[in-house]
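Okay, structure first, notes after.
Order of the sequence lines sets the chain letters (A, B, ...), proteins ahead of strands, with each chain counted from 1.
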Amino acid sequence: MNFEWIVKVITNYWPMFLRGAGMTLFISLLGTIFGFIIGLISGVIRSMPMPESGIKKAILKFVNIILSIYVEVFRGTPMIVQAMVIYYGSAQVLNINMNRLAAALLIVSINTGAYMAEIVRGGIVSIDKGQFEAAYAVGMNHIQTMTNVVLPQVIRNILPATGNEFVINIKDTSVLNVISVTELFFQTKTVAGNNFRFFEPFFVACVLYFIMTFTVTRILRFVERKLDGPENFTMIYNPMQI
Amino acid sequence: MERVLEIVHLKKSFGTHEVLKDINFNVNKGEVVCIIGPSGSGKSTLLRCINLLEKPSGGKILYKGKNILEENHDIYAYRTKLGMVFQQFNLFNNHNVLSNCTVGQIKVLKRSKKEAEEVAMKYLRVVGMEQYINAKPKQLSGGQKQRVAIARALSMEPDVMLFDEPTSALDPELVDEVLRVMKKLAQTGLTMLIVTHEMEFAKEVADRIVFMDKGIIEEEGSPEEIFNNPKKERTRDFLRRTLK
């Protein structure tokens, strides 16, 4: 009977499942945060107005080309293959023995960064030109305009897409088992192998994945509502106090 | 009289389309200059060129005698000397009324938060929006937004205020509240350059009227000269159509 096996798997191996789930959350959370930061930086650079002078213009063009290549390559290849290439490539070609967790974080971050770069760019494009002009008109430069006016609005607008990336990362970190990162899938595989039972351990993993993704989407919804602020505002009837 | 802005042979083209052909005029300190003319005559483009939101294709813009189109000129510092009010208000959507008026002061002029808030409150009182400091732009009417936008520009304490058709995007019943504020400002001796379609307003507040058509300044003079005794046929034509 499968049900008994499920209970058995949970009672015997719950610390392994929990550690695996913890590792999955850890990698996908940090990977999403780093990827988000990469996306923001890349978005700011790619939306910079072209400078007049030759050298600055050449540098910016060069950086833009590098960023485009980065986005296209990492969006255009599977993360499971990137994991193999980066982890074993660093060992065999560069003779660097990467820490598995560090490699996992690196892979998830730059992979997410490639997607986030496009999401942020879309977010910046969707901001009304008047917002930029008003910021320039009070004397702000590009960076000040971005940090004080544009990006706060962009971040609010791309939060749902970022949540998507986070959920995808929770699920897709399972491919990191190919470089033996002890995330949830790898742990489950170990449990399954030890017992020669496959359905029950993976069913438990399935439930754990769903709990993680569902909780994360609920939390992000809450954050979105927080960022929107209250519907109403209070009038100040005695403004002299301010 | 002290010249604040001097526009010399200013040209601007978008591709092959020449929007400004050869613009020459000055703005003196304390003067209120209204630019009138038909749509597409280049009025807004002229104002945007002065603020360098559009890059002029040729000519000079002298601010207190210095050409700001020279390469090493600090355009960010120059822009703080010009207050800009847009047709579409363009309030910062992520800031409330008060911080719309303080963010530029704090980040660009490096004023302390306390000082910036005092200055902002002073000008929010001028435009009558001091009770709304907690409101977000989306919670305000068009007229209220434009008054906050005026306060935001004033908070930078600029030498010249530029108004780009400040009432054109407003519902008719909201136009007056904005024009009232602008009249009040005109009386304080503020230097103002206003692109407008409000002829009565221009007649009343302007020290000088500039009539533009097809990228050139057709005629320039006191309100009496332009409205009662225009010299050029085109000016007469335009006024006949707009004043009726």
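Taking CG from L151(A) and CG from N94(B), the interatomic distance works out to 10.0 Å, rounded to the nearest 0.5 Å. Between atom CG of residue L52(B) and atom OH of residue Y136(A) there is a gap of 13.0 Å, rounded to the nearest 0.5 Å. The distance from atom NZ of K138(B) to atom CZ of F233(A), rounded to the nearest 0.5 Å, is 12.0 Å. With values rounded to the nearest 0.5 angstrom, Q131(A) atom CD is found 11.5 Å from Q88(B) atom CD.
Between the side chain of N232(A) and the backbone N or O of Q139(B), no donor-acceptor pair lies under 3.5 Å.
Within a 6.0 Å radius of NZ in K12(B), more than 12 heavy atoms belonging to other residues, nucleotides or ligands are found. Summarising the local packing, NZ of K66(B) is surrounded by 12 or fewer heavy atoms from other residues, nucleotides or ligands at distances under 6.0 Å. Environment of NZ in K11(B): crowded, with over 12 heavy atoms of neighbouring residues, nucleotides or ligands closer than 6.0 Å. Other residues, nucleotides and ligands contribute over 12 non-hydrogen atoms within 6.0 Å of the CZ atom of F14(B).
Proximity to chain A (any heavy atom under 4.5 Å) is restricted, for L82(B), to the backbone atoms N, CA, C and O. With a threshold of 4.5 angstrom between heavy atoms, N93(B) approaches chain A through its backbone and through its side chain. Interface remark: K81(B) contributes no atoms to any contact with chain A (heavy atom separation under 4.5 Å). Contact annotation for L91(B): only backbone heavy atoms (N, CA, C, O) come within less than 4.5 Å of a heavy atom of chain A.
Residues E133(A) and M84(B) fail the side-chain proximity criterion, which asks for heavy atoms closer than 4.5 Å. Residues N90(B) and D128(A) have side chains in contact (heavy-atom distance under 4.5 Å, counting atoms from C-beta outward).
When all heavy atoms of M140(A) and V108(B) are compared, the closest pair comes out as CG-CG2, 3.6 Å. Residue R48(B) comes nearest to K129(A) through the heavy atom pair NH2-NZ, 4.4 Å, listed as atom of the first residue, atom of the second, then distance. In terms of heavy-atom proximity, A134(A) sits nearest to F86(B) at CA-CE1, 3.6 Å. Contact detail for V103(B) and N148(A): the closest heavy-atom pair is CG2-CB, 4.0 Å. Residues G139(A) and R79(B) approach most closely at CA-CB, 4.1 Å, considering heavy atoms. In terms of heavy-atom proximity, Y76(B) sits nearest to N141(A) at CE2-CA, 3.4 Å.
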